[in-house]
Number of protein chains: 2
Amino acid sequence: MIDQIMESLKESLNQVLPMTDKNWNEASPYFQALHFASNEMILPEGATCEFIHFIHKGSARSYYLDMDLKEVNLLLCREGEFITDYESFLYQKPASLCIEALENVTTISLHKKDLEQLYKKSLYWNQFGRMMAERIFINSKRRTENMLFLTPEERYLKLIEQHPHFFQRFPLKHIASYLGITPQSLSRIRARLTKSN
Amino acid sequence: MIDQIMESLKESLNQVLPMTDKNWNEASPYFQALHFASNEMILPEGATCEFIHFIHKGSARSYYLDMDLKEVNLLLCREGEFITDYESFLYQKPASLCIEALENVTTISLHKKDLEQLYKKSLYWNQFGRMMAERIFINSKRRTENMLFLTPEERYLKLIEQHPHFFQRFPLKHIASYLGITPQSLSRIRARLTKSN
DNA sequence: CGCCAGGTTGAAGCGCTTCAACGTCTGTGG
DNA sequence: CCACAGACGTTGAAGCGCTTCAACCTGGCG
């Protein structure tokens, strides 16, 4: 079982940056499988994020708590993707995000101190870390661009097009929050669109 | 002159990640000084971004052109900061950003192909690249968070607090665009605030 | 002097938010 | 087995702050 999981992780990582057996053997002892029940906190409020979690099974969300304790979703993730509060992880300071399992989740997780070991001894894992940072940046940039240029309705339409599975898997309230609007607004947008289809 | 400029660059880079003389000597032949007149395009529309520009003197902005050809500023930069379309630079594809000099600008610029040379032969420059990506990510994240959580008025107040020099140096229309609002709205926000001070 | 860019101000409108009520579904306990 | 509670989604009404279009003021510059 754990072997299968590691094998699928290896394949995922290989797609980010092809690795040799040596590269893999350097790192594989550091990966650990973790389990979280649905609704369990993967990163509780105010904690420091110690892991990068590669989601093997299940789904999760990361969200902010604003001043009024309202939640605003940053990311909705499923298997094959990874989730972390990268800023907290990088600088080992209390996270501004929370991470919650939306279903029963299995992750393969890499601890900060282990990643640092890899950075010290391996050019490959350094490059890998750089490419992780680049990908996380691109994600964040896409999000910013969406918020800057698109109306809530346009963001909704784009989401349907690019991530239709969101609507199969996540409750609308989480999707609304991800789109940066209230559930009521999302409901009205949907009503408007089906009326004028 | 050029020696002074290189020396100040070396100091800046040293603050990102301390380097040995060997590290510096590996890279210094690759840096080139470039000059741009006020209002000159550093990265014209649709071009591919080939450089990371460290601004030595002057200021610049990066902006998007949306569908209606309206400009939306992403960043306003001054000396000591760097500017690039990092996504375009990374993947060498046409930029979604434009970059324009706001004053006469001198940059020290590093070409993509030269950075790749450095990545190949040096662990230091790999780490440096990773830390650049991390910083660019943090910037982008801050921007996203501002757009998600703060009202235009709150964004304005925060900008005054954190970057008061913007108001000395950049016209209000650029600041409005940077805040994601129209110049009229910014004007009204300012009027509202001075009235109720 | 007259032009133009930058900034302000007015009026109208739109789409979001908020508060509130209500329907529906699901799960749980009497 | 039914009744109720709670979560989720929808709908209505009111309000607010932004945008848009437009007019106008000001200072800098040919």
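Residue numbering restarts at 1 for every chain, and letters A, B, ... go by the order of the sequence lines.
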Query raised in the report: Between C/dT9 atom P and B/Leu172 atom CG, what is the distance in whole Å?
Result: 12 Å
Query raised in the report: Considering only D/dC18, D/dT10, C/dT9, which nucleotide approaches the side chain of A/Arg190 most closely?
Result: D/dT10
**Report entry** Phosphate OP1/OP2 of D/dT19: any B/Thr182 side-chain N/O under 4.0 Å
**Finding:** yes
Requested in this report: Take the protein atom CZ of B/Arg155 and the nucleotide atom P of D/dC18, then report the distance between them rounded to whole Å.
Outcome: 9 Å
**Report entry** Distance in angstrom units between A/Gln184 CD and D/dA14 C1', rounded
**Finding:** 14 Å
Requested in this report: Answer with base, sugar-phosphate or nothing: what part of the nucleic acid does A/Leu186 contact at a heavy-atom distance below 4.0 Å?
Outcome: nothing
Query raised in the report: Which of the following nucleotides, D/dC18, C/dT8, C/dC16, is nearest to the side chain of B/Ser187?
Result: C/dT8
**Report entry** Rounded distance (Å) that lies between atom C1' of C/dC16 and atom OH of A/Tyr156
**Finding:** 17 Å
Query raised in the report: Within less than 4.0 Å of OP1 or OP2 of C/dC16, is there a side-chain N or O belonging to A/Arg192?
Result: yes
Report task. Rounded to the nearest angstrom, tell me the gap between atom CD1 in A/Ile189 and atom C1' in C/dC14. Result -> 13 Å
Requested in this report: Identify which nucleotide among D/dC18, C/dC16, C/dT8 has an atom closest to any side-chain atom of A/Pro152, counting heavy atoms from C-beta outward.
Outcome: C/dC16
Query raised in the report: What's the CD-C1' distance between B/Glu153 and D/dC16, to the nearest Å?
Result: 12 Å
Report summary line: Of the candidates D/dT19, C/dG6, C/dT18, the side chain of B/Pro171 sits closest to C/dG6
Report task. Report yes or no: do A/Glu103 and A/Ser59 form a side-chain donor-acceptor pair below 3.5 Å? Result -> yes
**Report entry** Ring-ring centroid check A/Phe137 A/Tyr86, cutoff 6.0 Å
**Finding:** no
Query raised in the report: Is it true that the NZ or CZ of A/Arg143 lies under 6.0 Å from the centre of A/Tyr178's six-membered ring and within 45 degrees of the ring axis?
Result: yes
Query raised in the report: Taking OP1 and OP2 of D/dT19, is either one under 4.0 Å from a side-chain nitrogen or oxygen of B/Lys70?
Result: no
Query raised in the report: Does the C/dG10 base have a donor-acceptor partner in the side chain of B/Arg188 within less than 3.5 Å?
Result: yes
Query raised in the report: Do A/Thr144 and B/Thr144 have side-chain N/O donor and acceptor atoms under 3.5 Å apart?
Result: yes
Query raised in the report: Do A/Lys93 and A/Asp85 meet the salt-bridge criterion of a basic N to acidic O distance under 4.0 Å?
Result: no
Query raised in the report: For the pair made of CG in A/Leu150 and P in C/dC16, what is the distance, rounded to whole Å?
Result: 13 Å
Query raised in the report: Could you state the CE-C1' distance from A/Met147 to D/dC18, rounded to the nearest angstrom?
Result: 15 Å
Query raised in the report: Under 4.0 Å between a side-chain N/O of B/Lys173 and OP1 or OP2 of C/dT8, yes or no?
Result: no
